[in-house]
Each structure stands twice: as C-alpha cells, then as structure tokens.
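Below you will find the structure I want to go over with you.
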Amino acid sequence: ITQPSPKEFHLGMFEIGKPLGKGKFGRVYLARERDTGFVCALKVLHKNEIQQGRVEKQVAREIEIQSNLRHPNVLRLFGHFHDKKRIFLILEFAGKGELYKHLQKAGRFPEWKAAQYIAQMASALKYLHRKHVIHRDIKPENILVGLHGELKMSDFGWSVHAPSGRRLTQCGTLDYLPPEMVDPKRCDKPYDEKVDLWSLGVLMYEFLVGQAPFEDTPAITQRRIARADMTIPSFVSLEAQDLIKKVSSESFSKAASIQILTMIQLLVLDSARRISLEKLQQHPWILKHCQKSG
Ligand SMILES: COc1ccc(C(=O)Nc2ccccc2)cc1NC(=O)CCSCc1cnc2[nH]ccc2c1
C-alpha cells in the first residue's frame with residue numbers, strides 16, 4: 001500500500017528528467033519521486049519573476065484553488081514547495097502531451113472525436129463551475145492529453161472565483177474571449193461562468209474546422225466577436241452546427257449560408273442565453289457520438 005503523500009515535499013525527493021516545455025512563468029520537467037517511482041511534471045517558477053510580475057497573490061490563490069480540484073479532465077496539482085529562489089508545482093504528467101499539437105497534426109478532428117472532447121470539457125467545466133471556478137482561458141494550448149486519450153484542462157493561470165468583475169490584465173490571443181470581455185460597451189459589467197461556455201463554442205468550432213471562428217487581426221477579431229460574426233463551413237454536420245451557434249437576428253451574419261438552420265447555443269452574444277452544460281450534455285450531437293457523456 002503506497003504511503004499517503006507527505007504534505008512536505010522538497011527537491012531532493014525527485015529525480016529530474018527531460019524538459020517538457022517552457023511556460024509563461026517557468027520551465028516544466030518530467031520528474032519521478034524517488035521512493036514511490038511516481039512520475040509527475042515539476043513546474044519551476046522563479047520568485048523574482050513572480051515578484052516582478054506581481055503575481056505572487058495569483059500563484060498563492062491558484063495553488064489554493066487547484067489543490068482541492070479532483071476531476072479526470074482537470075490536470076491535478078498534487079502539491080508545491082519552494083526554496084530560496086524558486087517555487088515548485090508538482091503537477092500531473094499528461095502522457096500524450098499537448099492537444100494543440102494533435103490538432104495541428106490532424107488539421108481538424110472527425111466529428112465523433114470532437115464530440116467526445118467537447119463532452120469531456122463540458123464535464124470538467126460543470127465540475128469547476130460547481131466549485132465557482134471560472135477557467136477563462138480555454139484554448140487548445142491549455143489542454144493536455146492523458147495516456148488514454150482523455151483531455152486534461154490545465155494552466156489555470158487566469159482562473160478566478162465567480163462572479164468576477166476582475167478585468168483581464170494581459171493575455172495571449174483574443175480568439176477565445178467572449179463578447180462580454182472584448183466589447184468595450186460591456187467590459188465593465190462583471191461576468192460569470194458563462195464566459196467558459198462561449199470559449200467551449202470556439203473550441204468546438206476549432207476542433208471541427210481547424211481554425212478559430214474569429215481569427216483575424218486583433219481589431220477585426222474584437223469586432224467580429226462582439227457581433228458573433230462567423231460562418232460555419234458546409235462540411236460541418238447540421239447537428240454540430242445546431243450546437244455551435246444559435247441563430248438570432250443580431251448574430252446571424254450574412255455570410256452564414258441559408259443551410260444553417262438552427263445553430264449552436266454556445267456562441268451567443270447574450271451570455272444568459274447560452275446553452276447550459278446540462279443541456280449540452282443531452283444535445284443530440286453529443287449523445288450521438290458519446291454513448292456515456294460524462
Ligand atoms: C494544474 O496545472 C497547472 C496549474 C498551475 C499552473 C501555473 O503555472 N500557474 C501559475 C504560474 C504563475 C503565475 C500564475 C499562475 C500551471 C498548470 N499547468 C501547466 O502549466 C500545464 C503544463 S505543465 C504540466 C505538463 C503535464 N503533462 C505534460 N505532458 C507533456 C507536457 C506536459 C506538461
């Protein structure tokens with residue numbers, strides 16, 4: 001029977017393996033705990049960078065939020081420790097690496113795979129939202145793939161407790177941001193978990209089409225998001241279209257061809273009208289491809 005994991009960790013307990021990647025704030029290494037042989041990912045954050053980035057509160061809150069999250073589609077944070085100069089996060093190792101690399105290689109995913117992935121992400125979001133955690137940064141770059149091909153949501157660098165009026169200080173791509181976070185007219189209203197539903201719609205579009213729906217220059221992207229102005233190629237099945245975007249007068253873009261009869265309920269300007277996670281898991285497109293939707 002393996003010992004219950006000690007609360008105190010230190011660097012000497014681990015054998016450090018190959019680098020797994022360089023994140024915004026630090027490097028990640030494959031690591032193995034000497035006594036148990038347990039394989040994990042060790043993320044090294046440098047205190048001076050954290051202090052400069054004035055994100056030490058963020059890291060502390062992040063660790064507090066993450067340490068008690070347990071879900072098969074959320075990357076685990078097992079623990080943390082620090083020495084004089086560095087903070088170490090002991091993270092779950094995802095055996096099949098970064099999702100965006102699989103998406104790049106495949107171009108786009110077949111509908112059955114996209115549906116299973118969306119069902120897994122919906123299950124993870126349902127869990128996070130029950131804990132009043134909004135992820136806010138759902139995109140392929142923040143999703144890893146476990147040994148059995150299951151998705152693991154990760155890098156909650158921007159997650160906050162809902163509802164939050166916190167503005168986004170800086171971020172990477174705008175592609176995944178919902179209208180309420182990019183539209184100057186709506187930016188001041190606090191937003192809620194529904195922002196993650198919009199991003200799930202963008203993620204689903206990108207799985208099926210191979211690129212984000214509003215991809216363009218930042219200024220154009222911002223305007224297209226604010227208008228939910230996108231088109232869905234005809235190769236996307238009607239059921240799938242029926243889950244990406246709801247037709248509504250302000251969001252029906254002329255370019256969208258007439259064959260788009262009833263669209264998704266995720267990419268909807270009015271966050272209150274976005275489909276709920278429960279309804280999403282019962283949607284025909286999801287049920288058709290996922291015998292058991294988690
Ligand atoms: C729960 O997860 C996380 C929790 C917190 C943070 C974090 O950095 N927080 C932060 C830092 C500074 C300021 C504010 C907040 C990051 C992660 N997660 C990752 O960084 C994923 C890639 S590292 C792991 C990992 C696993 N398995 C792999 N397989 C292949 C590569 C790979 C890479």
Side-chain angles (χ1 to χ4, degrees), residues 5 9 14-33 38-83 85-105 117 120-121 123-125 127-129 131 133-161 164 166-173 176 196 203:
S5 69
F9 297 99
F14 298 95
E15 284 168 311
I16 307 298
K18 66 171 182 173
L20 288 174
K22 268 196 288 302
K24 260 183 315 286
F25 285 94
R27 289 173 178 67
V28 188
Y29 299 89
L30 194 57
R32 182 175 41 213
E33 201 191 357
F38 184 74
V39 173
C40 57
L42 205 56
K43 184 162 192 176
V44 187
L45 308 168
H46 292 275
K47 283 184 181 174
N48 56 10
E49 280 168 22
I50 296 283
Q51 266 127 24
Q52 267 149 22
R54 281 200 306 287
V55 286
E56 54 268 46
K57 282 187 307 306
Q58 166 93 21
V59 181
R61 186 186 42 226
E62 167 114 354
I63 288 172
E64 182 251 325
I65 294 178
Q66 306 258 340
S67 301
N68 52 35
L69 293 180
R70 283 181 186 33
H71 185 281
N73 301 115
V74 175
L75 197 79
R76 281 291 304 281
L77 171 63
F78 295 113
H80 64 285
F81 56 93
H82 62 95
D83 63 14
K85 294 213 285 289
R86 298 164 294 186
I87 299 171
F88 297 86
L89 302 180
I90 307 165
L91 297 166
E92 177 181 0
F93 171 62
K96 286 211 169 107
E98 300 173 86
L99 178 67
Y100 82 90
K101 289 182 181 167
H102 294 264
L103 182 54
Q104 256 169 9
K105 190 157 162 281
Y117 282 171
Q120 289 172 30
M121 291 294 91
S123 171
L125 281 179
Y127 173 79
L128 290 177
H129 291 178
K131 298 227 166 202
V133 173
I134 314 177
H135 189 290
R136 289 202 322 167
D137 199 7
I138 297 167
K139 55 190 176 192
E141 290 73 9
N142 287 344
I143 300 173
L144 293 163
V145 187
L147 221 43
H148 309 294
E150 75 281 16
L151 295 194
K152 303 248 177 202
M153 216 178 249
S154 174
D155 204 345
F156 298 60
W158 303 105
S159 55
V160 287
H161 270 101
S164 153
R166 259 170 48 74
R167 300 196 35 141
L168 197 69
T169 42
Q170 79 271 7
C171 71
T173 166
Y176 279 75
D196 286 339
L203 190 70

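Ligands are counted one by one from 1 in listed order, and the atoms in each one are counted from 1 as well. Reckoned from all heavy atoms, side chains included, excluding hydrogens, waters and symmetry mates.
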*asked:* Heavy atoms only, cut-off 4.0 Å: how does Lys43 contact ligand 1, side chain, backbone, both, or neither?
replied: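 Answer for Lys43: side chain.
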**Item:** Structural part of Leu144 in contact with ligand 1, heavy atom criterion under 4.0 angstrom
**Value:**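 Side chain only.
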*Heavy atoms, side chains only, cut-off 4.5 Å: are Val39 and Leu30 in contact?*
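Sidechains of Leu30 and Val39: in contact.
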Element-labelled atoms of ligand 1 that are located less than 4.0 Å from some non-hydrogen atom of Glu92
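Those qualifying, in numeric order: 26 (C), 27 (N).
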Q) If you measure from each heavy atom of Lys152 to ligand 1, is any distance below 4.0 Å? A)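 The answer is no, since Lys152 has no heavy atom less than 4.0 Å from ligand 1.
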Practice item. Considering the heavy atoms of Ser154, write down every atom of ligand 1 situated less than 4.0 Å from one of them. Key: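 In order of numbering, the contacting atoms are 2 (O), 3 (C), 17 (C), 18 (N), 19 (C), 21 (C).
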Quick one: does Ala94 get an N or O within less than 3.5 Å of an N or O on ligand 1?
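N/O-N/O distance below 3.5 Å exists for this pair.
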- At a 4.0 Å threshold, what atoms of ligand 1 neighbour a non-hydrogen atom of Leu91?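 In order of number, 1 (C), 2 (O), 3 (C), 4 (C), 17 (C), 18 (N), 23 (S), 24 (C).
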Legend entry - Closest approach of Arg70 to Tyr127 (non-hydrogen atoms, all atoms of both residues):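 Scanning both residues completely, I find the closest heavy atoms to be N-OH, 2.7 Å.
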ask   = Between Phe81 and Phe9, what is the ring plane arrangement, given parallel below 30°, perpendicular above 60°, and tilted in between?
value =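 Phe81 vs Phe9 ring planes: tilted.
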Report, one line per pair, each donor and acceptor closer than 3.5 Å where one atom sits in a side chain of residues 94-101; sequence neighbours left out.
from, atom 1, to, atom 2, distance (Å)
Lys96, NZ, Leu147, O, 2.9
Glu98, OE2, Lys101, NZ, 3.1

So if I count the atoms of ligand 1 from 1 in the order they appear, which ones are less than 4.0 Å from some heavy atom of Gly97?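 Once the distances to Gly97 are compared, the set is 29 (N), 30 (C).
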Original post:
Which atoms from ligand 1 have a heavy atom of Leu75 less than 4.0 Å away?
Top reply: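 Heavy-atom distances to Leu75 below 4.0 Å select 1 (C), 2 (O).
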